[in-house]
Peer 1: 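First the structure, which I've put down as structure tokens, then a few questions once you've had a look.
The sequence lines fix the lettering, A, B, ..., with proteins before strands; numbering per chain opens at 1.
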Amino acid sequence: MSPVRGTAVTARVGVVLGVAIAVCFLTGLISHFIQHPEPWFPWPTRPVWLYRFTQGAHVISGIAAIPLVIVKLWSVWPKLFERPVIGGPVRQLERLSILVLVGSILFELSTGLLNVAQWYVFKFFFTTSHYAVAYLAAGAVLVHVAVKLPAVRRALGEPIDTVTNGATDGPTRRTVLRGTWLAVAVATVATAGQAVPALRKVSLLAPRSGTGPQGIPVNRSAIAAGVLGSAYAPEYRLIVANGDQVRSFTVAELNALPQTTHRLPIACVEGWSADAEWTGVVLADLLAAVRSPVDRDVRMISLEPPGPYSRTVLPSAHARDRMTLIALRLNGRTLDADHGYPCRLIAPSRPGVLQTKWLSRIEVTQ
Amino acid sequence: MTAMRFVLGLAGIISASWGVALLWHWPLTVLVNMALWALVAVVVHDVVFAPLCVAVGWAARRIVPARWWPSVAVAGLCTGVLVVLAIPVFDKPGARPDNATVLDRDYHAGLLISLALVWLAVPTYVLAVRRLPVRQDDVIEQQRTDDVAGEPPSP
């Protein structure tokens, strides 16, 4: 076996991998609790790019973990064949815990990578399984760190290359470490362009080039949502309701209301994001028209037939924010069908999947 | 350190238990599919990917001159990573006719270009190192002081 394998490499790559997994886990939790709100989790409306940042970091740290996992597993692979192969109960427990650790991390990284490319080849639902197994993976990592902490501290305190190892003609451990950081950089540059505009042109393996109708990518098309007929129907009305206070607006009436333009990012749970100029009616003004109190959450209902994202709830903090728009125009032109014509929600610092498109009804929760 | 290890271990057990609790009432077929997915991932790594890397490394080491070997090994690692990242996009298996904004690059060309750049960097690096007036890298390679190169490039 190669003499450059060893705890010196394992510990150092492990520390960086631990940081990547921690970032990935925490940003993943943030995204989960925005989509499944809890009273103890208030998500701010500023800065407007906050969700864009956390979810970009989620996917970037997950992809950066791939080369780190490859090198870390390489550095310990010979341990797989250490004797005794079966051993006593303690040995078996140790092997089982490593199996849970590696299995759950590979599960998270592989399903995440496939989800970003929308390749649903697995026979289970992505979001719920990715979420549940994340706790398993994070727990296995913590137990692993607890077990290995003395070995990690010892390894970090010792020189990277021993004399015998450094005297070989091959790469030193220092080269392995530098190569690993380089591979992390290569993986990041190859994919991060869907979240980092500066890398857009060089991210040759990113699932999105960052363009689309009106310069913005789409996650759910109007055809997939089955709304093309109802969105362009002459009898279309946007209903705004607060109990028995109900107002109804045609597209022309919405266009006749005072229009506001804001530059806001659209940031998808799949990690891509893009800045755009949105023009429309301030949601708070529409809510004022039905005498809604400012401390109410607001339900957004789409023309899309009932499904997981055809109805979403906008927290009161976002609902009363003057930057939250019912957008009618995107980058200066009428909304494309795929971007939610006739009108859609666009609020600061929210996942794209909750920026409900093809709005038919806005309800103040009672 | 003992107290810290205890806290870490306890936090780990609580987190993992919460994960198991979330999965507890799921249909057995779904759980089996998930476990199989994770198990196949482990097996593919341990008995296909890892031995393949060892074999390629063993063979390459007998062909590649010693001075070239470190950069070739690093390029090999980058190749492996790029290939893994290319798998879900290469033939666009997730593409749908109604949405042209997903998987909208030429990934065959993308993989080819990125691999070409990685492998072009190998001779460039080896030749650049040879032309350096002071063999700075050699000096660093031979250093035996404490590690100061623990930082990854910021992503």
Peer 1: Assess B:Arg61 against B:Trp58: is NZ or CZ under 6.0 Å from the centre of the six-membered ring, and within 45 degrees of the ring's axis?
Peer 2: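 Negative - B:Arg61 is either too far from the ring of B:Trp58 or too far off its axis.
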Peer 1: Looking at B:Val7, B:Val102, B:Asp106, which one has more heavy-atom pairs under 4.5 Å with chain A than the rest?
Peer 2: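 Ranked by contacts with chain A, first place is B:Val102.
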Peer 1: Considering only heavy atoms from C-beta outward, does the side chain of A:Val4 approach that of A:Trp74 to under 4.5 Å?
Peer 2: yes
Peer 1: Does any heavy atom of chain B fall under 4.5 Å from the side chain of A:Thr191, the backbone, both, or neither of them?
Peer 2: side chain
Peer 1: To the nearest 0.5 Å, tell me how far A:Leu199 CG sits from A:Lys201 NZ.
Peer 2: 12.0 Å
Peer 1: Taking every non-hydrogen pair under 4.5 Å, which of B:Thr79, B:Ile113, B:Leu117, B:Asp46 racks up the most with chain A?
Peer 2: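 Top option by heavy-atom pairs under 4.5 Å: B:Asp46.
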Peer 1: Could you tell me which portion of B:Ala50 (side chain, backbone, both or neither) has an atom closer than 4.5 angstrom to a non-hydrogen atom of chain A?
Peer 2: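 Contact with chain A: backbone and side chain both.
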Peer 1: Please determine, among A:Val218, A:Asp338, A:Ile223, the option with the most heavy-atom pairs under 4.5 Å with chain B.
Peer 2: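 The candidate making the most pairs under 4.5 Å is A:Val218.
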Peer 1: Between A:Ile216, A:Val141, A:Val143, A:Val116, which residue shows the highest count of heavy-atom pairs closer than 4.5 Å to chain B?
Peer 2: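 Top count of heavy-atom pairs under 4.5 Å with chain B: A:Val143.
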Peer 1: Could you tell me which portion of A:Ala132 (side chain, backbone, both or neither) has an atom closer than 4.5 angstrom to a non-hydrogen atom of chain B?
Peer 2: both
Peer 1: Pick whichever of A:Ala192, A:Ala206, A:Ala140, A:Ser110 has the most heavy-atom pairs under 4.5 Å with chain B.
Peer 2: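 The residue among A:Ala192, A:Ala206, A:Ala140, A:Ser110 with the greatest pair count is A:Ala206.
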Peer 1: Start with the C-alpha gap between A:Thr180 and A:Leu68, add the side-chain angles, then the distance that decides, and say whether side chain to side chain contact (heavy atoms under 4.5 Å, CB included) holds.
Peer 2: CA-CA 7 Å; A:Thr180 307; A:Leu68 295 169; 3.8 Å; yes
Peer 1: Identify which part of A:Val196 has an atom lying under 4.5 Å from any heavy atom of chain B, answering side chain, backbone, both or neither.
Peer 2: neither
Peer 1: With a 4.5 Å cut-off on heavy-atom pairs, point out which of A:Ile66, A:Ile70, A:Val102, A:Val189 contacts chain B the most.
Peer 2: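 Top count of heavy-atom pairs under 4.5 Å with chain B: A:Ile70.
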Peer 1: Which residues pass the side-chain hydrogen bond (donor to acceptor under 3.5 Å, both in side chains) test with A:Ser209, not counting sequence neighbours?
Peer 2: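 Once residues adjacent in sequence are excluded, the partners of A:Ser209 under the side-chain hydrogen bond (donor to acceptor under 3.5 Å, both in side chains) criterion are A:Thr211, B:Asp104.
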Peer 1: Checking heavy atoms, do the side chain of B:Leu39, its backbone, both or neither come under 4.5 Å from chain A?
Peer 2: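 Contact with chain A involves the side chain of B:Leu39 alone.
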Peer 1: For residues B:Leu103 and B:Pro88, determine if any side-chain heavy atom of one lies less than 4.5 Å from a side-chain heavy atom of the other.
Peer 2: no
Peer 1: Using a cut-off of under 4.5 Å on heavy-atom pairs, state which of B:Gly94, B:Ala73, B:Gly19, B:Ser15 scores highest against chain A.
Peer 2: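 The option with the most such pairs is B:Ser15.
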Peer 1: Report the C-alpha distance between A:Gln118 and A:Glu270 in whole Å, list the side-chain angles of each, state the deciding distance to 0.1 Å, and finish with yes or no for side chain to side chain donor-acceptor pair (under 3.5 Å).
Peer 2: CA-CA 9 Å; A:Gln118 300 200 350; A:Glu270 285 158 18; 3.0 Å; yes
Peer 1: For the interface with chain B, which of A:Pro213, A:Ala222, A:Ala187, A:Ala190 has the highest count of heavy-atom pairs at distances below 4.5 Å?
Peer 2: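 Between A:Pro213, A:Ala222, A:Ala187, A:Ala190, the count favours A:Ala187.
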Peer 1: Quick one: do A:Leu204 and B:Tyr107 satisfy side chain to side chain contact (heavy atoms under 4.5 Å, CB included)? Show the steps, please.
Peer 2: CA-CA 7 Å; A:Leu204 299 177; B:Tyr107 298 103; over 6 Å; no
Peer 1: So what's closer than 4.5 Å to chain A heavy atoms on B:Ile14: side chain, backbone, both or neither?
Peer 2: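 Nothing of B:Ile14, per the 4.5 Å heavy-atom cut-off to chain A.
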Peer 1: Would you mind telling me which of B:Cys78, B:Ala41, B:Pro93 has the largest number of heavy-atom pairs within less than 4.5 Å of chain A?
Peer 2: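 That would be B:Pro93.
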Peer 1: Do you know which of A:Ala8, A:Ser221, A:Pro207 has the most heavy-atom pairs under 4.5 Å to chain B?
Peer 2: A:Pro207
Peer 1: Check the orientation of A:Phe124 and A:Phe107. Use parallel for under 30°, tilted for 30 to 60°, and perpendicular for over 60°.
Peer 2: parallel
Peer 1: Quick one: which of B:Val40, B:Val118, B:Leu82 has the most heavy-atom pairs under 4.5 Å with chain A, could you say?
Peer 2: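 Sorted descending by pairs with chain A, the first entry is B:Leu82.
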Peer 1: Under 4.5 Å between any side-chain heavy atoms of A:Trp77 and B:Val54, yes or no?
Peer 2: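 Yes, their side chains come closer than 4.5 Å.
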Peer 1: Out of curiosity, A:Glu108 CD to A:Ile21 CD1, how far, rounded to the nearest 0.5 Å?
Peer 2: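 Separation between the atoms: 10.0 Å.
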Peer 1: If I measure from the heavy atoms of chain B, does A:Thr128 come under 4.5 Å with its side chain, its backbone, both, or neither?
Peer 2: both
Peer 1: Select one option (side chain, backbone, both, neither) describing which atoms of A:Leu205 are under 4.5 Å from chain B's heavy atoms.
Peer 2: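 Both the backbone and the side chain of A:Leu205 come within 4.5 Å of chain B.
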Peer 1: Measuring heavy-atom distances to chain B, does A:Leu113 have an atom under 4.5 Å in its side chain, in its backbone, in both, or in neither?
Peer 2: both
Peer 1: Name the member of B:Trp37, B:Trp18, B:Phe49 that forms the most heavy-atom pairs with chain A at distances under 4.5 Å.
Peer 2: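 That would be B:Trp37.
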Peer 1: A quick test of your reading: do over 12 heavy atoms of other residues, nucleotides or ligands sit less than 6.0 Å from OH of A:Tyr120?
Peer 2: yes
Peer 1: Using the side chain to side chain contact (heavy atoms under 4.5 Å, CB included) criterion, which residues pair with B:Pro65? Sequence neighbours excluded.
Peer 2: B:Trp68
Peer 1: Sort A:Val133 into side chain, backbone, both or neither according to what part of it lies under 4.5 angstrom from a heavy atom of chain B.
Peer 2: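 Just the side chain, heavy atoms under 4.5 Å.
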Peer 1: Side chain, backbone, both or neither: which part of B:Phe90 has an atom under 4.5 Å from a heavy atom of chain A?
Peer 2: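 Neither part.
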Peer 1: Answer yes or no: are there more than 12 heavy-atom neighbours, outside A:Phe122 itself, under 6.0 Å from its atom CZ?
Peer 2: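 Yes, enclosed.
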